[in-house]
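What's counted below: heavy atoms across the whole structure, side chains too, no hydrogens, waters or symmetry copies.
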Amino acid sequence: MSERKRLKRTRNIGIIAHIDAGKTTVTERILYYTGKSHKMGEVHDGEAVMDWMEQEQERGITITSAVTTCLWLDHEIHLIDTPGHVDFTIEVERSLRVLDGAIGVFCAVGGVEPQSETVWHQADKYRIPKIAFVNKMDRLGADFSGAVDQIREKLGARPLVLQIPLGAEADFAGIIDLLRMQAVVWDESSLGLIYDYTPIPPEYMDKAKAARVELLESLAELDDTIMEKYLADELLAPEHLLPALRQATIDLQVVPVLCGSALKNKGIQLLLDAIVDFLPSPYDVAAVVGRHPKTGEAEKRVCSDEEPLAGLAFKIQMDQGRKLTYVRLYSGSVAAGSQLYNANKTQREKVARIFQMHANKRERLTRAGAGQIVAMVGLKFTTTGDTVCDPRHPILLEHIDFYEPVISIAMEPRTRADEEKTLQSLEKLAEEDPTFRFHQDPDTGQTIISGMGELHLDILVNRLLREYSVQVNVGKPQVVYRETITTAVEAESTFNREIAGDLHYAQVELHLEPRGRGKGNLFRELVRDGSIPKSFIPSVEEGVLESLESGVIAGYPMVDVEVAVIGGILKEQAASELAFKVAASTAVQEGCRKAQPQLLEPIMAVEIIVPEEFTGEVINDLNIRKGKIEGVHTKRTVKIIHATVALSQMFGYSTALRSASQGRATFTMQFSHYDNLVEPKEILF
């Protein structure tokens, strides 16, 4: 097969959604119908192929993104099943960074839920074309049109309905294909393997005709050829509509909407058809743009084996003590045993082996080409977000954004033997997960581990025990706070010291002022009298930024602070980079103490779905937790409460919510912003 044909028949896609929308069940059906699996794994039985970790099987949730490859209609589909829980949102972020297309799975009952919005906007950030699949049409309360309306209103997308359900809830029998104007029904005795196109039942014909008119009118707006045929009342067959639909999807103008029930084995084959028909191949995607690591000039790499190698490492996984590095190859090809160049670490790497992954199973490859997603063994220095490339043609691709941890716990090894293994084990976990951090508390000697939520840290501690056989005692979760200043001040500091016989002298004068919440830190150079030469400004900046990493109240990082260097004193014979760096660092600390420092705490956006009769108790509990109610909406028999609550008030909330609602309410929360601490006495310094 020619390279062009191979690339045109490749799809790199991810499945994204809110927790419990059915992503993994959809993936399991895809693997079964493409022949990749010979048994249909179920999440609730702990037998899903893609949920291969013990913790995933026990909890019935996806924790780590899993990669697999399958074939459909002579197309090779590289598929990543991502987690839906907010604690593991980095898994979604780094997967989307390397994908060409995505399937957004939505629950027909819940519609667009909070984490659905988060992952959808993550995909928007990388300009990824998407298909929407409205799942669980067999569930009580399924509302297809309501889910489509939410996709339009909450996500700001333009949904293009290609299918409507044939019945709903217990009567869900199949779908009506609006492109072909036929009904599709599945044979349940064959586990959905057999399906037939049949005439649309008369009672659905009017609804189907109206939906098709709406589809054709939307397409006519986007494509002149279809417009002409539509206005001339000519027959518009699927072969006329598919190219326009594909182009509109790739151009991010529309989101094709399909429906079905993965658990009941209905709709998946047509979803696979849509992946092939509408989502882009690497050949359709614009050339990846990076920069030359030395000159800084823009560099382009077209998706072709003939181009110089360029790939992005997006995931690290420790497998039986060996480091697997997942890489998306944007251009060029690589063979086992060849050398690569890590442009971020400026290190040469040797590829020992290359694998095509199927969850935690591996198939060995001798060579991988442009457009593929593979795992490599032997890359010692490469971490998440690093660019690997041809040593003769270096390029730096855009890095992956990581999230800052919001919660910490203290832990300590139970025995001396555990103590020796703990640090090494934590380093391996941190290499896999960029949102996991750890450090040693110099006062207590305890190890402080930080992550994205209680579940995240619980999983990590559990992995320490199971994978690395490390026994630890764990303290209660603590919030990761931030510090800032509230007034503008000026501060100066002098460094005057003899080190190894040489005098080091510098005086630095700074202006500090608070910035808007969420604006981040900013350094500015405002020296107008030439008292500090330009050559020493980088040292001043380095000292300022390092000093802001530790605040003056409790040592938490300083945020939303603007620091400007406005002057200083230089002594020709004693001036040094060290002196200016230390003087600047000390001046920042002095200034922060005078600028009325303030602790900030993480505020979470919380959505609670509660039966109407328990709304009062739930709102009362939120008020006790000093939460701010942002809105209450009614959806059939339930109320949806949106609120913002300090993370410190949300520990153990799931138990309290179950008590207040007889176990019938559910909630999700995600980080919103940092804001002034309400009750400083709660902090343990």
Side-chain angles (χ1 to χ4, degrees), residues 11-27 30 43 48 50-53 55-56 59-68 78-107 110 112-133 135 151 154-155 157 255 275 279 312-317 326-328 357 359 373 384-385 398-406 432-436 451-453 455-456 459-460 604-605 607 668-672:
R11 300 289 182 272
N12 290 312
I13 63 161
I15 298 188
I16 59 174
H18 185 88
I19 191 169
D20 205 31
K23 295 179 305 302
T24 302
T25 306
V26 168
T27 308
I30 286 174
V43 175
M50 301 300 273
D51 286 350
W52 56 271
M53 288 175 66
Q55 292 93 332
E56 293 177 315
R59 297 167 189 261
I61 62 169
T62 302
I63 293 168
T64 181
S65 52
V67 182
T68 191
H78 300 275
L79 180 67
I80 299 182
D81 176 31
T82 65
H85 197 285
V86 67
D87 283 15
F88 310 106
T89 193
I90 184 60
E91 291 287 335
V92 185
E93 181 82 24
R94 59 186 178 182
S95 298
L96 287 171
R97 172 66 182 82
V98 299
L99 292 172
D100 301 326
I103 302 165
V105 178
F106 300 94
C107 172
V112 177
E113 296 168 284
Q115 189 64 6
S116 302
E117 290 188 66
T118 301
V119 296
W120 193 271
H121 295 316
Q122 283 175 298
D124 282 341
K125 181 169 78 173
Y126 295 116
R127 296 190 58 77
I128 293 176
K130 298 171 283 291
I131 292 172
F133 182 72
N135 191 29
I151 290 170
K154 289 190 175 182
L155 304 179
V255 176
I275 291 168
L279 291 180
L312 189 75
F314 68 95
K315 179 179 168 70
I316 305 296
Q317 180 184 318
Y326 287 75
V327 178
R328 161 70 194 266
M357 299 300 294
I373 293 174
T384 302
E398 182 188 353
H399 204 260
I400 299 172
D401 292 330
F402 299 137
Y403 299 89
E404 288 298 315
V406 295
E432 284 189 55
D433 186 349
T435 58
F436 169 59
M452 300 302 292
L455 178 62
H456 186 203
I459 295 286
L460 288 164
M604 311 303 284
E607 183 185 271
T668 56
M669 70 175 184
Q670 54 191 324
F671 174 74
S672 174

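- Using modelled atom types, no side-chain atom of Arg328 and backbone atom of Arg97 make a donor-acceptor pair closer than 3.5 Å.
- Taking CD1 from Ile103 and CD1 from Ile15, the interatomic distance works out to 4.5 Å, rounded to the nearest 0.5 Å.
- Here the closest heavy-atom approach between residue Ala157 and residue Val255 is recorded as CB-CG2, 3.9 Å.
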Going through the distances and angles, do Val112 and Leu155 end up as a side-chain contact (heavy atoms from CB on, under 4.5 Å)? CA-CA 8 Å; Val112 177; Leu155 304 179; 3.8 Å; yes

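- Counting heavy atoms from C-beta outward, Asp433 and His456 have side chains that approach closer than 4.5 Å.
- Phe314 places a side-chain heavy atom less than 4.5 Å from the side chain of Ile80.
- The minimum heavy-atom distance between Ile275 and Arg11, with the atom names listed, is O-NE, 3.3 Å.
- Taking CE of Met357 as the reference point, atom NZ of Lys315 lies at 9.5 Å (rounded to 0.5 Å).
- Within the 3.5 Å criterion, the main-chain N or O of Ala21 finds no donor-acceptor partner in the side chain of Lys23.
- Val98 places none of its side-chain heavy atoms less than 4.5 Å from the side chain of Ile400.
- In terms of heavy-atom proximity, Pro129 sits nearest to Asp100 at CD-O, 3.2 Å.
- Taken from NE2 in His78 to CD1 in Ile373, the straight-line distance is 6.5 Å, to the nearest 0.5 Å.
- The distance from atom NE2 of His399 to atom OG1 of Thr384, rounded to the nearest 0.5 Å, is 8.0 Å.
- Side-chain contact between Trp120 and His18 is absent, with no heavy atoms from C-beta onward closer than 4.5 Å.
- Atom CG of residue Asn135 and atom OG1 of residue Thr25 lie 7.5 Å apart, to the nearest 0.5 angstrom.
- Here the straight-line distance linking atom CD of Glu113 with atom CZ of Phe106 works out to 10.0 Å at 0.5 Å rounding.
- Only one option out of Val119, Val92, Leu96 pairs with Thr82 in a side-chain contact (heavy atoms from CB on, under 4.5 Å); it is Val92.
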